[in-house]
Protein chains: 4
Amino acid sequence: MPRIGMEPMRRKALISAAIEAIHDRGMGQVTMSEIARRAGVSPALAHHYFGGKDQLLLATMRHLLAELGDEIQARLAKARTPRDRVSAIIQGNFAGQFRPAVISSWLAFYVQAQTDPQARRLLHVYTRRLESNLLHALRELTSRDRAAEIAEVTAALIDGLWIRRSLAEVDPDPDDAAKLVERAVLDALRRGDA
Amino acid sequence: MPRIGMEPMRRKALISAAIEAIHDRGMGQVTMSEIARRAGVSPALAHHYFGGKDQLLLATMRHLLAELGDEIQARLAKARTPRDRVSAIIQGNFAGQFRPAVISSWLAFYVQAQTDPQARRLLHVYTRRLESNLLHALRELTSRDRAAEIAEVTAALIDGLWIRRSLAEVDPDPDDAAKLVERAVLDALRRGDA
Amino acid sequence: MPRIGMEPMRRKALISAAIEAIHDRGMGQVTMSEIARRAGVSPALAHHYFGGKDQLLLATMRHLLAELGDEIQARLAKARTPRDRVSAIIQGNFAGQFRPAVISSWLAFYVQAQTDPQARRLLHVYTRRLESNLLHALRELTSRDRAAEIAEVTAALIDGLWIRRSLAEVDPDPDDAAKLVERAVLDALRRGDA
Amino acid sequence: MPRIGMEPMRRKALISAAIEAIHDRGMGQVTMSEIARRAGVSPALAHHYFGGKDQLLLATMRHLLAELGDEIQARLAKARTPRDRVSAIIQGNFAGQFRPAVISSWLAFYVQAQTDPQARRLLHVYTRRLESNLLHALRELTSRDRAAEIAEVTAALIDGLWIRRSLAEVDPDPDDAAKLVERAVLDALRRGDA
DNA sequence: AATGAATGAGTTTTCATTCAT
DNA sequence: GATGAATGAAAACTCATTCAT
């Protein structure tokens, strides 16, 4: 019994289903049928809503990027000092999405971005904004060159921890990861003082 | 024109072809035909030698892991001081394989490892050995706890830089990456001194 | 032009097509494409409904077994005396299915049962029920031992005639075959009287 | 190290291997490689000796037919009375070949004969000779019509018992089977006396 | 005589996508 | 709006067969 206003709910359900399906079956093996089954709709409907598999997966990616962006922006809005802003960015990266299913999807999108220009463009936007945010905050704490280096290290460290936690047997702890990165930033900033 | 003793050559050629094909098409889209075509043989032969697509891809992964391991071991053998050994590990990680095609394959294997137990096991072995090597070297430079933390940061940083370079437009520079990591390790060790 | 409720029709059509295809090409050479073509559908649909070649062939076997069972049960229901019941079983075995295409399929399933446990199990059920039915009827006409022997002879004779008719140039005559078996049973029962 | 005079041995080994392979894998699944592997030679050699898979399987069939013929002829040569000759034929049919692997092959050939004219022709020769032998012996014991019927029953019974034993869990007992048939023949002959 | 190397042709199987209802 | 029905296209995989050595 189709009701009006179902579309947004269906779309969300399909995106969530896609994330779970990617986690369980892997990006390469995930099928429209599998995703639709998890979302409780027919494959034909999933197709109808998103226009195709590629576009459903891109929408999923866009959703994850937006969610992560929101997480960070919410924290940045509350931050008062440059150091707070650095912490906000780091903590935002280890917030809501730091779960196995989401990590799998992120990884899958990184892979996708190797060959798919659209995926690559989306990731670039996120990457650039992350580094730019970091750079601005760090720029107030150290020299331009040091800030650039520390921003790069921080971003790489965040990505690296995501990957490594994805292989860990136990569920990842966001706080541990964030603290590790924050300490590394402090270590790097201290060098500048010397 | 069959000559005897071709098997090892074909296997190597197929593994190389697989790495290139994964880079160009992505793990999910790569086909046996594509790989075989690049290696200059029929798809049937690729099957014959490896038993199937999954096994060819696992063999490729094993090859990359072994190659990386050799790279590191060769440098470790020449290292004299603990600090040299840390550098050896870091530089080994950014040596021969730090090329776009190989990076793509590594990423793909990380993704594969999310769902494929065999891939996961292979990756675990590499991960554990890397951390264990780092830990032993760092243990002689600082306390047990600090060594553990620095080892984790170093490993994550290496992985993170690999990923980030995979998205960069220009070809990655191994020396830059290695220096970045080495400086981060020094920064972290310095904290211990304080 | 898809209409709803097609599945049962397609399944029946595919099973019939399988029987014809097995007759024409032989169990070993029969292909899904061939079966699907005869049923007027795509190979993909045959897969969709049955899950694979093996399962389509098993479904075909199950269909033939069920049909034969029905044939016999219908006749048994009308039989009044033990001798009628023996005749019912014999005649049921030479009824509707005693056609070249079906005979080929039966033979093929006997072969299949040599190596395929599932096919073997299915055939066992039929075999046991046939002998049990015969045994019960004969038990009222002679001693336990003689009944067992006659049941075995009857069952073997039925199978043997099926096979032999499958090689005959002309189309087999069900009545001839049934009468032959019935006379053999009478001959054997008469021995008991002596 | 090829030696002279190997060919006949290889051929026999391949035919034996074919029988075993058909038993284990089924006629439909049997491959040249499988047969060659069992015979300890390369698939290419099996091909070389027999000219192809079909011909190897036909040669196997010819071998089984000849062996069965020899078995019967040897017994017929010693038989003195018509009744002895009937027994000779029956017992010959349940002699050396009454083993699971051979039974599987026979069944497979019956199936093959449904669609393959060459196999059909070979089987016809055997069938006709069996019935002709039986007919001649029976002709001296009863009327022409009764002899014809009894010959048919006997032949069908033999085939039927072969099939049924092929499905039995325990290894078949040749003597039991032969006695069953002989008693059935006696029963049928007795009817003529009445 | 014998085989390792290699493949073409053909099979099953999978799946995104389409479409009539 | 939603779906069951259906398929084309492409994939993995198999295997008899060929051939240079």
Side-chain angles (χ1 to χ4, degrees), chain A residues 1-7 10 28-36 40-57, chain B residues 1-7 9-10 28-36 40-56, chain C residues 1-7 9-10 28-36 40-56, chain D residues 1-7 10 28-36 40-57:
Chain A
M1 298 142 205
R3 295 185 240 151
I4 53 169
M6 291 297 280
E7 178 158 348
R10 301 283 203 211
Q29 321 319 331
V30 85
T31 69
M32 284 296 261
S33 298
E34 168 78 8
I35 295 170
V41 301
S42 72
L45 191 64
H47 200 267
H48 177 66
Y49 276 151
F50 288 93
K53 187 189 185 184
D54 290 354
Q55 280 157 285
L56 167 52
L57 294 179
Chain B
M1 303 127 205
R3 299 192 223 154
I4 58 169
M6 294 300 280
E7 178 158 348
M9 286 165 56
R10 296 299 191 203
Q29 320 324 329
V30 83
T31 69
M32 285 298 259
S33 298
E34 168 77 7
I35 295 170
V41 300
S42 71
L45 193 67
H47 268 278
H48 178 64
Y49 280 139
F50 287 94
K53 187 187 182 184
D54 290 354
Q55 280 158 283
L56 168 51
Chain C
M1 302 130 206
R3 297 190 225 156
I4 59 169
M6 293 298 280
E7 177 159 348
M9 287 166 56
R10 296 299 192 201
Q29 320 323 331
V30 84
T31 68
M32 285 297 260
S33 298
E34 168 77 8
I35 295 171
V41 299
S42 72
L45 193 66
H47 266 277
H48 178 65
Y49 279 140
F50 287 94
K53 187 188 183 183
D54 289 356
Q55 279 158 284
L56 168 52
Chain D
M1 301 137 205
R3 295 186 240 152
I4 54 169
M6 291 298 279
E7 176 158 348
R10 300 284 203 210
Q29 321 321 331
V30 84
T31 67
M32 284 295 260
S33 297
E34 167 78 6
I35 296 171
V41 301
S42 73
L45 190 64
H47 199 267
H48 178 65
Y49 276 150
F50 287 93
K53 186 189 185 184
D54 290 354
Q55 280 157 286
L56 167 52
L57 293 179

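This is a predicted model, so every value here is computed, not measured. Below, read A as the first sequence line, B as the second, and so on, with proteins coming before strands; counting in each chain starts at 1.
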Would a 4.5 Å heavy-atom cut-off, applied to side chains only, mark D:Lys53 and D:Val30 as touching? yes
Can you figure out which of E:dT12, E:dG8, F:dA12 approaches the side chain of C:Thr31 most closely? E:dT12
By nearest-nucleotide position on DNA chain E, the 5'-leaning member of C:Val30 and B:Glu7 is B:Glu7
Rounded to the nearest 0.5 Å, how far apart are NE2 of A:His47 and CE of A:Met32? 5.5 Å
Please tell me if A:Arg10 has a side-chain N or O lying less than 4.0 Å from either OP1 or OP2 of F:dA2. yes
Should E:dA20 form a Watson-Crick or G-U wobble pair with both distances under 3.5 Å, which nucleotide is its partner? F:dT3
Of all the choices, E:dA2, E:dT7, F:dT3, which nucleotide is nearest to the side chain of B:Val41 once you look at every atom? E:dT7
Atom-pair distance (CG on C:Asp54; C1' on E:dT13), nearest Å: 12 Å
Consider the side chain of D:Met32, meaning its heavy atoms from C-beta on, and name the nucleotide among F:dA6, F:dT7, F:dA16 that approaches it most closely. F:dA16
With a 3.5 angstrom cut-off on both distances, give the Watson-Crick or G-U wobble partner of E:dA1, or none if there isn't one. none
Here's a test of your reading of the structure: between D:Ala44 and D:His48, which maps to the more 5' nucleotide of DNA chain E? D:His48
Rounded to the nearest angstrom, tell me the gap between atom CD in A:Gln29 and atom C1' in F:dA11. 12 Å
Look at the side-chain N and O atoms of D:Tyr49 and state whether any lies under 4.0 Å from the OP1 or OP2 oxygen of E:dA1. no
If you take all heavy atoms of D:Ala36 and D:Ala46, which pair is closest and at what distance? CB-CB, 4.3 Å
Closest listed nucleotide, where the reference is the side chain of A:Lys53 and the choices are F:dA6, E:dA16, E:dT3: E:dA16
Taking CG from C:Leu56 and P from E:dT13, how many angstroms apart are they, rounded to a whole number? 10 Å
I need the CZ-C1' distance between B:Phe50 and F:dC13, as an integer number of Å. 16 Å
Tell me whether the side-chain N/O atoms of B:His47 come closer than 4.0 Å to OP1 or OP2 in F:dC13. yes
Shortest side-chain distance from C:Leu45, nucleotide among F:dG1, F:dA16, F:dT7: F:dT7
Which atom names give the shortest non-hydrogen contact between B:Gln55 and B:Phe50, and what distance separates them? CB-O, 3.2 Å
Atom-to-atom span, CD1 of C:Ile35 to C1' of E:dT13 - whole angstrom: 14 Å
Counting only Watson-Crick pairs (N1-N3 plus N6-O4 or O6-N4) and G-U wobbles (N1-O2, O6-N3), all under 3.5 Å, who is the partner of F:dA10? E:dT13
